[in-house]
Number of protein chains: 2
Amino acid sequence: MVETSTQADAPAQPRTPLNRERILGTAVALADEGGVDALSMRRIAQALGVVPMALYKHVANKNELLDGMIDVVVGEIDPPAGHADWKTAVRRRVLSARRMLLRHPWAPGVIESRTKARATPTPAVMEYLDSMIGIFRSGGFPIDLVHHALHVMGSRLLGFSQELFEDTPGREPDPDAMPPEEMAARYPHLTELARAVAHDQESVVGSGCDDQFEFEFALDLTLDGLERLRLRLRDTP
Amino acid sequence: MVETSTQADAPAQPRTPLNRERILGTAVALADEGGVDALSMRRIAQALGVVPMALYKHVANKNELLDGMIDVVVGEIDPPAGHADWKTAVRRRVLSARRMLLRHPWAPGVIESRTKARATPTPAVMEYLDSMIGIFRSGGFPIDLVHHALHVMGSRLLGFSQELFEDTPGREPDPDAMPPEEMAARYPHLTELARAVAHDQESVVGSGCDDQFEFEFALDLTLDGLERLRLRLRDTP
DNA sequence: ACCTGAACACCGTTCAAGT
DNA sequence: ACCTGAACACCGTTCAAGT
């Protein structure tokens with residue numbers, strides 16, 4: 001059933017050599033079709049017509065493969081439109097992210113679980129968030145309000161809701177983590193936000209934000225919006 | 001916390017007989033400790049000091065066990081406070097749900113994936129949503145606005161964001177599904193909502209709501225709230 | 001009629017034998 | 001030095017042998 005490069009019924013086999021890109025593309029397609037539960041190293045290999053072990057020369061393990069899949073699909077989100085007002089720009093970008101998530105329904109779950117397992121979101125997610133923060137900043141939002149805004153947007157940003165930058169107390173620093181100066185250069189808006197939040201939280205141990213406060217802030221903004229809507233609808237029926 | 005039967009050679013006496021409740025309690029505790037990935041039938045059995053196959057007399061399979069775990073933790077959410085205004089009542093209930101989710105971080109993912117796999121959410125989830133709709137209705141929300149409100153609340157209701165009642169076109173009706181009249185008696189508010197939505201969508205095939213419209217409605221309400229906040233902050237610094 | 005150990009078909013990954 | 005088949009330690013669930 002699994003055709004090897006024998007001369008029998010299969011044509012000349014390695015016309016397209018295996019590489020990371022092809023592996024990720026096949027993995028994304030398989031997850032789109034059958035969900036992430038049906039995705040296995042063995043199945044990817046089978047779809048590519050190679051032996052399972054061949055994958056391990058291009059991806060370290062399955063987790064690293066999932067990280068690569070995340071960056072593939074997040075890379076499909078349209079870049080920000082340069083010259084629109086902040087609300088239009090955010091709206092377009094979020095709707096583009098939603099279209100991506102409709103194509104790849106497995107993505108929110110994978111992004112969430114991988115972000116929880118890693119110390120930091122994957123590079124493409126970082127870039128997406130950084131440019132989203134940039135839109136708010138250009139639109140005149142003070143940095144603290146941008147922080148609230150991200151929590152308010154919540155699951156509408158990437159389809160899930162858990163906090164992306166959660167403090168995990170018992171975690172030793174990653175030996176090959178990105179040095180702070182490179183971080184600041186690559187993700188200037190995220191860095192600015194992180195510094196502002198850390199400053200606000202000076203008294204608290206750790207640099208995480210006050211999740212309870214942010215949750216209630218977003219909840220109350222939502223409830224106030226609904227109350228305003230209810231009153232408007234009642235007064236103008 | 002989780003007791004293992006220590007001695008293999010000691011004659012095992014069933015001091016506490018196995019039942020569904022004990023199995024679910026142990027499963028929830030194991031998931032709380034090690035996450036849902038570390039949860040296996042074999043491990044639950046080991047924690048209870050029984051052979052894996054013994055579980056299958058009380059739960060049909062692992063999916064049914066996950067459904068039971070959902071109902072256990074959703075049952076931990078405080079019931080609605082009877083005599084508060086709608087905003088206070090919703091706020092309290094959602095904050096109670098959040099406390100539950102902090103105790104059981106695996107719950108959103110399991111609820112979401114099981115709801116997707118089943119035709120309908122589990123009974124406890126149905127009851128939670130029904131009573132939440134009831135709060136809005138008592139607070140003077142027209143039924144259509146309640147529908148929007150649930151979409152706006154989104155992930156804040158149960159920690160995840162995908163639609164709970166998604167149309168899955170190719171699904172044969174469950175033979176032992178609840179009859180409509182029992183449905184209407186058990187979940188009156190949900191039924192009212194479903195009827196209103198179906199009426200609005202008369203022209204469209206299927207009874208699902210317009211997800212794209214609801215997404216944009218919620219997104220715009222959020223963005224408007226943020227803009228109002230920005231202006232207020234700018235004018236009163 | 002009941003209980004359960006062995007077995008089946010999977011999985012990610014290691015490892016050493018073969019080239 | 002490379003490649004890869006076999007093996008390991010898991011998994012959910014079936015099934016038939018033993019009681």
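Per chain, numbering begins at 1; letters A, B, ... match sequence-line order.
Between the C1' atom of C/dT4 and the CG atom of B/Leu48 lies a distance of 17 Å, rounded to the nearest Å. Computed from coordinates, the B/Arg42 CZ to D/dC11 C1' distance equals 6 Å when rounded to whole Å. What separates CD of A/Glu64 from P of C/dT13 is a distance of 11 Å, to the nearest Å. Put simply, CE on A/Met41 is 15 Å from P on D/dT4, counting in whole angstrom units. In this structure, the NZ atom of A/Lys57 is 15 Å from the C1' atom of C/dT14, given to the nearest Å. Atom CG of A/Leu18 and atom P of D/dC3 are 11 Å apart (whole Å). The separation between A/Tyr56 atom OH and C/dC15 atom C1' is 13 Å, rounded to whole Å. Atom CG in B/Asn63 sits roughly 7 Å away from atom P in D/dT13 (whole-Å rounding).
For C/dC11, the OP1/OP2 oxygens have a side-chain nitrogen or oxygen of A/Arg43 closer than 4.0 Å. Contact check, B/Lys62 against D/dT13: no side-chain N or O comes under 4.0 Å of OP1 or OP2.
Residues B/Phe160 and B/Pro108 come closest through the heavy atom pair CD2-O, 3.7 Å.
Going from the C1' atom of C/dT14 to that of D/dG12 covers 24 Å, rounded to whole Å. Spacing of P atoms, C/dT13 relative to D/dT13, comes out at 22 Å, to the nearest Å.
Side-chain proximity of A/Asn61 to C/dT13, C/dG12, D/dT13: nearest is C/dT13. The side chain of A/Val51 lies closest to D/dG5, out of D/dG12, D/dG5, C/dC11.
In this structure, D/dC11 forms no base pair with any nucleotide, since neither Watson-Crick nor G-U wobble geometry is met with both distances under 3.5 Å. With a cut-off of 3.5 Å on both Watson-Crick or G-U wobble distances, the partner of D/dT4 is given as C/dA16.
Of the options A/Val197, A/Leu193, A/Leu150, a side-chain contact (heavy atoms from CB on, under 4.5 Å) to A/Cys209 is made by A/Val197 and by none of the others.
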Requested in this report: Begin with the C-alpha distance, continue with both residues' side-chain angles, and end with the deciding distance and a verdict on salt bridge (charged side-chain N to carboxylate O under 4.0 Å, His left out) for A/Asp78 and A/Arg99.
Outcome: CA-CA 10 Å; A/Asp78 293 335; A/Arg99 288 193 297 277; 3.3 Å; yes
**Report entry** A/Thr122 vs A/Asp67, side chain to side chain donor-acceptor pair (under 3.5 Å): CA-CA, chis, key distance, verdict
**Finding:** CA-CA 7 Å; A/Thr122 65; A/Asp67 290 345; over 6 Å; no
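Using bins of under 30°, 30° to 60° and over 60° for the plane-to-plane angle, the ring pair B/His151/B/His147 lands in the perpendicular bin.
Note on A/Met53: a base of the nucleic acid sits closer than 4.0 angstrom, heavy atoms only.
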